[in-house]
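Here's the structure we're looking at; comments come further down.
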Amino acid sequence: MLLQPKDLYEKLEFDKVIQLLIHECLGDPGRQYFVDLTVSTDMIWIENRLKEAKELKLCLEKSDRFPFGDYEEISNDLKMLAID
């Protein structure tokens with residue numbers, strides 16, 4: 001069991017960062033991802049997220065076209081592809 005102060009998110013201002021990220025999301029799945037996000041101590045997970053952020057940063061610096069924009073919600077359609 002990991003013990004942490006009840007106001008840890010506020011002390012780290014994690015709650016403010018989450019609200020900024022939620023505001024930038026273009027759809028409900030993205031917003032829900034950040035609503036559910038918690039502080040992680042899993043180094044593999046953290047390193048993977050940092051690699052993703054680095055890749056996006058490089059795309060933006062090189063002016064590569066990255067498909068930011070509206071998208072169609074397909075989560076219900078994807079459920080039909082699930083294996084029984």
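Everything numeric here is computed off the predicted structure, so don't read it as measured data.
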Heavy-atom donor-acceptor pair, [X] side chain to [Y] backbone, under 3.5 Å:
{"X": "Tyr9", "Y": "Val39", "result": "yes"}
{"X": "Arg31", "Y": "Cys25", "result": "yes"}
{"X": "Glu47", "Y": "Arg49", "result": "no"}

Does the side-chain hydrogen bond (donor to acceptor under 3.5 Å, both in side chains) test come out yes or no for Gln32 and Asp36, once each step is laid out?
-> CA-CA 6 Å; Gln32 191 59 48; Asp36 297 338; 2.9 Å; yes

Considering only heavy atoms from C-beta outward, does the side chain of [X] approach that of [Y] to under 4.5 Å?
{"X": "Glu61", "Y": "Leu58", "result": "yes"}
{"X": "Phe14", "Y": "Leu37", "result": "yes"}
{"X": "Val17", "Y": "Glu13", "result": "no"}
{"X": "Tyr33", "Y": "Leu21", "result": "no"}
{"X": "Ile74", "Y": "Asp77", "result": "yes"}
{"X": "Asp42", "Y": "Ile46", "result": "no"}

Nearest 0.5 Å please: distance from the CD atom of Glu24 over to the CZ atom of Phe34.
->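 If we round to the nearest 0.5 Å, Glu24:CD and Phe34:CZ are 10.0 Å apart.
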
Calculate, to the nearest 0.5 Å, the distance between atoms NZ and NZ belonging to Lys51 and Lys54 respectively.
->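 Rounded to the nearest 0.5 Å, the NZ-NZ separation comes to 9.5 Å.
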
Shared hydrophobic cluster for Leu50 and Ile44 (ILVMFWY, side-chain gaps under 4.5 Å) =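 No: no chain of side-chain contacts under 4.5 Å links Leu50 to Ile44.
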
Flag yes if more than 12 heavy atoms outside Leu78 fall under 6.0 Å of its CG atom; otherwise flag no.
->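 Enclosed: over 12 neighbouring heavy atoms sit under 6.0 Å from CG of Leu78.
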
